[in-house]
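All remarks here apply to the structure that follows.
Below, chain A is the first sequence line, B the second, and so on; all start at residue 1. If you're wondering where the values come from, they're calculated on a predicted model, not measured in any experiment.
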There are 2 protein chains.
Amino acid sequence: MQQLIAYIHSLTTFSDDNWQHLLPALSVQYFHKDDYLLKAGEVCNALYFICRGYCRAYYDKDGVDINTDFFFEQDIATNINSYGRREKSAFAIQACESLEVVRFDRELLLSAAARDPQIETLGRLCLQRIAARQEKHTALFKLMSAQERYEYLEQTYPEMLQRVSLSQLSSFLGVARETLSRIRSRRQS
Amino acid sequence: MQQLIAYIHSLTTFSDDNWQHLLPALSVQYFHKDDYLLKAGEVCNALYFICRGYCRAYYDKDGVDINTDFFFEQDIATNINSYGRREKSAFAIQACESLEVVRFDRELLLSAAARDPQIETLGRLCLQRIAARQEKHTALFKLMSAQERYEYLEQTYPEMLQRVSLSQLSSFLGVARETLSRIRSRRQS
DNA sequence: TCTATCCTGTGACGATCGTCACAAAAGCTC
DNA sequence: GAGCTTTTGTGACGATCGTCACAGGATAGA
């Protein structure tokens, strides 16, 4: 919870009163490795603030996993299209390690925001951050080659390369596992 | 303005009162073809709701334009990273046709939202839509080949293929102009 | 420690794509 | 319509990447 408080304060000013209004929408949850926060086909009813561990968002394309995102500590994991538009989720979110999260229940969050505008503001700022992250990530694929994308991750999210296996990382970078292996060996020489 | 009202009502309920609060933050603006809504290096201080015409977001990569986005009628054009984080914009936004927009001034919008929570809600919903759009677009590059991405656009945004030239579209799809030309000729046969 | 399983590295080869070059077609202006 | 500019199509060729196959390493559980 301490991490969540720090996260919120990094986004906006938040009084004890605001916090009391928000609290009913929150619950601490634990997931084991390989547990699902969201399954493909379900409608996403929550945001998950990651306290410890990490998880991935992935599509099942013809039986093969394609990772579209990784969420680490202080990230918010969700499917915006499903959460916002009440659509069935095209991808799943699954714990990659044992995971501690704070769950924001959508319904309860909406009522809290209706009562307390500062919570609405918090929601807007979270979404702003999520959108900014997506905007940057999309640009990677248009501006950079596979190798450049890898180097970008190396510099920008070095911890990701430490924690995510090469196999898992390759689809996130949009290349075959073997190609990523060769990129990596090329760079070490 | 009529289009903006319809757009807002599609997102949330909005009374005359709400509208009166919002109005001071809005201004109708016109751009000629090739005019800039936002130049690279500037900090983005506005959202632009497109009423008529369309524009593009692009990076200048070593003197070559790379289009990262196109915004048409009923879209909101902005640079979220710059708008939200007050960073210098890495890309420019430029009119591709003569353009009519409603400009949301960031400062005035923030004060309006501070006074009227329903405007804050509107802002959150706009961002939700922007984030959802980015989320989908990023997934394209991980799940689909160049040809599949083209076919996806064909089915999902057919009007984009009518209005955007092949040269402009190719960088948006992440392929060379010649490759897109060949994809297109392959499909017509 | 042995074994089963998963992850990573590597070679071979074909498919795809980017680049360069130039021609054809389409728009635009006078 | 002539002449200019911009856009699109196409061929050749090399670079990169994906796929298949398999070997070596790492890891975890019995």
Side-chain angles (χ1 to χ4, degrees), chain A residues 32-35 53-54 56 58-68 70 94-98 139-154 160-189, chain B residues 32-35 53-54 56 58-68 70 94-98 139-154 160-189:
Chain A
H32 293 110
K33 180 167 161 31
D34 297 341
D35 281 355
Y54 78 98
R56 65 178 179 133
Y58 75 94
Y59 284 81
D60 181 317
K61 189 182 185 185
D62 312 322
V64 182
D65 288 2
I66 311 275
N67 295 315
T68 52
F70 292 100
Q94 185 185 36
C96 297
E97 301 175 345
S98 63
L140 286 190
F141 285 85
K142 292 175 183 160
L143 292 172
M144 301 182 190
S145 68
Q147 173 148 359
E148 287 169 330
R149 291 199 291 277
Y150 179 78
E151 290 165 8
Y152 177 85
L153 280 195
E154 238 180 351
M160 191 186 291
L161 274 63
Q162 300 305 315
R163 296 175 74 179
V164 179
S165 77
L166 182 142
S167 309
Q168 298 276 303
L169 198 62
S170 62
S171 59
F172 180 69
L173 284 168
V175 298
R177 180 187 63 76
E178 296 89 338
T179 303
L180 182 54
S181 174
R182 286 176 183 123
I183 287 173
R184 187 174 274 184
S185 65
R186 242 182 286 162
R187 290 185 49 69
Q188 282 168 351
S189 57
Chain B
H32 294 111
K33 181 166 162 29
D34 297 339
D35 282 354
Y54 79 97
R56 65 178 181 134
Y58 76 94
Y59 285 80
D60 180 317
K61 189 182 186 186
D62 312 321
V64 182
D65 289 1
I66 311 275
N67 295 315
T68 53
F70 292 99
Q94 185 184 37
C96 297
E97 300 176 345
S98 63
L140 286 190
F141 284 85
K142 293 175 183 158
L143 293 172
M144 301 183 190
S145 67
Q147 172 147 1
E148 287 170 330
R149 291 200 291 278
Y150 179 79
E151 289 166 8
Y152 176 85
L153 280 195
E154 238 180 353
M160 190 185 292
L161 274 63
Q162 300 304 316
R163 296 176 74 178
V164 179
S165 76
L166 182 143
S167 310
Q168 298 276 303
L169 198 62
S170 61
S171 58
F172 180 70
L173 284 169
V175 297
R177 181 186 63 76
E178 296 88 338
T179 303
L180 182 55
S181 174
R182 288 178 182 120
I183 286 173
R184 189 174 275 185
S185 65
R186 244 182 285 163
R187 289 185 51 69
Q188 283 167 351
S189 58

**Request:** Nearest-nucleotide wise, let me know which of B:Arg182 and B:Val164 is further upstream toward the 5' end of DNA chain D.
**Result:** B:Val164
**Prompt:** Looking only at N and O atoms, is any donor in the side chain of A:Glu178 or the base of D:dC17 less than 3.5 Å from an acceptor on the other one?
**Reply:** no
**Request:** Measure the distance from CZ on A:Arg184 to C1' on C:dC7 and round it to the nearest whole Å.
**Result:** 11 Å
**Prompt:** What is the distance, rounded to the nearest whole Å, between atom NZ of B:Lys142 and atom P of D:dC17?
**Reply:** 17 Å
**Message:** Under 4.0 Å from OP1 or OP2 of D:dG18: is there any side-chain N or O of A:Thr179 that close?
**Reply:** yes
**Asked** For A:Arg184 and A:Tyr150, does a side-chain donor sit closer than 3.5 Å to a side-chain acceptor?
**Response** yes
**Separation of atom CG in A:Leu173 from atom C1' in D:dT16, rounded to whole Å** = 16 Å
**Message:** So does B:Leu173 get a backbone contact from the side chain of B:Arg149, meaning a donor-acceptor N/O pair under 3.5 Å?
**Reply:** yes
**Message:** Which is more 5' along DNA chain D, the nucleotide nearest B:Leu166 or the one nearest A:Leu180? Just name the residue.
**Reply:** B:Leu166
**Request:** For the residue pair B:Ile66 and B:Tyr58, establish whether any side-chain heavy-atom pair is separated by less than 4.5 Å.
**Result:** no
**Request:** Mind calculating the distance between CZ (A:Arg186) and P (D:dA15) to the nearest angstrom?
**Result:** 13 Å
**Request:** Would you mind classifying the nucleic acid contact of A:Ser181 as base, sugar-phosphate or nothing, using non-hydrogen atoms under 4.0 angstrom?
**Result:** base
**Asked** Is the shortest side-chain N/O distance from A:Ser167 to OP1 or OP2 of C:dT8 below 4.0 Å?
**Response** yes
**Request:** Figure out the OH/P separation between B:Tyr150 and D:dT8, and round it to whole Å.
**Result:** 11 Å
**Asked** Backbone N or O of A:Asn67 within a donor-acceptor pair of the A:Ser171 side chain at under 3.5 Å?
**Response** yes
**Message:** Between the base of C:dG18 and the side chain of B:Arg177, is there a donor and acceptor pair under 3.5 angstrom?
**Reply:** no
**Lys/Arg-Asp/Glu bridge criterion (N-O < 4.0 Å) met for B:Glu151, B:Arg186** = no
**Request:** Quickly work out the A:Lys33 NZ to D:dA28 C1' distance and round it to whole Å.
**Result:** 12 Å
**Request:** Take atom NZ of B:Lys61 and atom C1' of C:dG18, then tell me their distance rounded to the nearest Å.
**Result:** 13 Å
**Item:** Gap between atoms CZ and P, on A:Phe141 and D:dC17 respectively (whole Å)
**Value:** 13 Å
